[in-house]
Amino acid sequence: MVKEGFYFGLPPLVLGALAFALGWEVLGIVLVCVAAFVFYFFRDPQRVIPTEPGAIVSPADGRVVVLTDEDNAGHAGKRISIFLAIWNVHVNRSPAAGTITKMNYCPGKFFAAMRECASSQNEQNVIFLSTHTGEIMFKQIAGLIARRVVCWKKQGDAVARGERIGLVRFGSRVDLWLPLDSEILVRVGDHVKGGSSVLARWPVRHASRETPISEANLSTAGKRT
């Protein structure tokens with residue numbers, strides 16, 4: 001379990017124990033159930049990380065809801081969107097090994113994460129990752145219930161494939177943008193696990209002629225670095 005689980009789970013657990021001590025059994029049961037749910041929500045299971053070259057792993061647990069061609073600042077590519085239900089693991093992971101070249105926090109709306117407009121209009125962290133193959137981008141996106149995106153990394157950090165990078169609290173969405181020459185291996189409706197499910201293959205090239213992608217075409221309500 002991630003440390004946030006203790007911050008949110010211990011208060012209702014302590015209050016539940018106090019309620020039982022005072023003879024308020026119904027209230028005690030409710031508070032203990034709330035604590036149990038919080039501890040469950042913030043669980044952080046170990047995952048077996050694929051080792052094959054070129055594998056792009058899922059940055060989150062959930063269900064694939066969008067597969068679409070999408071340009072990013074003039075670069076042709078593909079977007080995979082994953083919806084995290086409230087019962088999914090909410091720890092996010094790096095889809096590939098590389099260095100975080102840019103991170104932008106973008107305040108915004110809190111539309112339901114299932115809606116397509118959530119990708120561009122909701123509060124989000126936009127993370128640009130430079131890999132041996134080139135540059136990819138992924139987003140931690142808040143939803144109707146999730147009101148906080150948390151990233152434990154910073155610009156300049158090196159990350160391993162499948163490494164934990166943050167979480168979004170209580171239901172959310174994660175988008176992954178890949179260049180057009182990547183091979184997508186999942187379909188809409190597939191259930192995936194962060195760090196262990198392979199979403200795509202992007203073969204490692206000895207030299208990449210791609211120029212870095214930017215945030216020029218990201219529609220947001222505002223930006224803060």
Exercise. Please step through salt bridge (charged side-chain N to carboxylate O under 4.0 Å, His left out) for the pair K154 and D157, ending with a clear verdict.
Key: CA-CA 6 Å; K154 63 183 183 302; D157 283 352; 3.2 Å; yes
Quiz item: Does the side chain to side chain contact (heavy atoms under 4.5 Å, CB included) test come out yes or no for L84 and V89, once each step is laid out?
Solution: CA-CA 8 Å; L84 291 73; V89 173; over 6 Å; no
Quiz prompt | CA sep, side-chain torsions, deciding dist, call: I56, S182, side chain to side chain contact (heavy atoms under 4.5 Å, CB included) | solution = CA-CA 9 Å; I56 303 294; S182 58; over 6 Å; no
Exercise. Please report the C-alpha distance between Q140 and I165 in whole Å, then the side-chain angles of each, then the deciding distance to 0.1 Å, and finally whether the side chain to side chain contact (heavy atoms under 4.5 Å, CB included) criterion is met.
Key: CA-CA 10 Å; Q140 299 173 284; I165 60 97; 3.9 Å; yes
Exercise. Could you go through the side chain to side chain contact (heavy atoms under 4.5 Å, CB included) check for V198 and E52 one step at a time?
Key: CA-CA 10 Å; V198 178; E52 60 264 30; 3.8 Å; yes
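By the 4.5 Å heavy-atom criterion applied to side chains, I136 and P179 are counted as neighbours. The closest side-chain heavy-atom distance from L10 to F39 is below 4.5 Å. Residues V159 and L129 meet the side-chain proximity criterion, which asks for heavy atoms closer than 4.5 Å. When side chains are defined from C-beta on, N92 does not count as touching P59, because their heavy atoms never get closer than 4.5 Å. In this structure the side chain of L18 never reaches within 4.5 angstrom of the side chain of W24, judged on heavy atoms. At a threshold of 4.5 Å between non-hydrogen side-chain atoms, the residues I127 and M137 do not count as touching. I141 is not listed as a side-chain neighbour of V168, based on a closest heavy-atom distance of 4.5 Å or more. Looking only at side-chain heavy atoms (C-beta outward), F37 and I86 come within less than 4.5 Å of each other.
In this structure, D71 CG and W177 CH2 are separated by 8.5 Å, a value rounded to the nearest 0.5 Å. With rounding to the nearest 0.5 Å, the separation of CG in D190 from CD1 in I80 is 10.0 Å. Atom-to-atom distance recorded for S94:OG and K153:NZ is 9.0 Å, nearest 0.5 angstrom.
Ion pairing between a basic and an acidic side chain is recognised when a charged N comes within 4.0 Å of a carboxylate O; R164 and D44 show such pairing.
Of the candidates K193, R47, R43, R93, D61 forms a salt bridge (Lys or Arg N to Asp or Glu O under 4.0 Å) with just one, namely R47.
The number of heavy-atom neighbours closer than 6.0 Å to CD of E25, taken from other residues, nucleotides and ligands shown, is 12 or below. Within 6.0 Å of CZ in R201 there are 12 or fewer heavy atoms belonging to other residues, nucleotides or ligands.
Side-chain contact, S81 with R173: a donor N or O sits under 3.5 Å from an acceptor N or O. Side chains of Y105 and E123: a donor-acceptor N/O pair is present below 3.5 angstrom, by distance only. There is a side-chain donor-acceptor pair under 3.5 Å between E135 and T101.
No single ILVMFWY cluster, assembled from side-chain heavy atoms under 4.5 Å apart, contains both V57 and F83. Under the 4.5 Å side-chain heavy-atom criterion for ILVMFWY residues, a single connected hydrophobic cluster contains both L67 and L176. Connection of V32 to L27 is not established within any shared hydrophobic cluster, with ILVMFWY side chains joined at heavy-atom distances below 4.5 Å, either directly or through further cluster members. Transitive grouping of hydrophobic side chains (ILVMFWY, heavy atoms separated by less than 4.5 Å) brings I184 and W202 into a common cluster. Residues F138 and V188 share a single hydrophobic cluster, defined by chaining ILVMFWY side chains whose heavy atoms lie under 4.5 Å apart.
Panel note: side chain R161, backbone A55; a donor-acceptor pair is recorded below 3.5 Å. The backbone N or O of T133 lies less than 3.5 Å from a partner atom in the side chain of T131, making a donor-acceptor pair.
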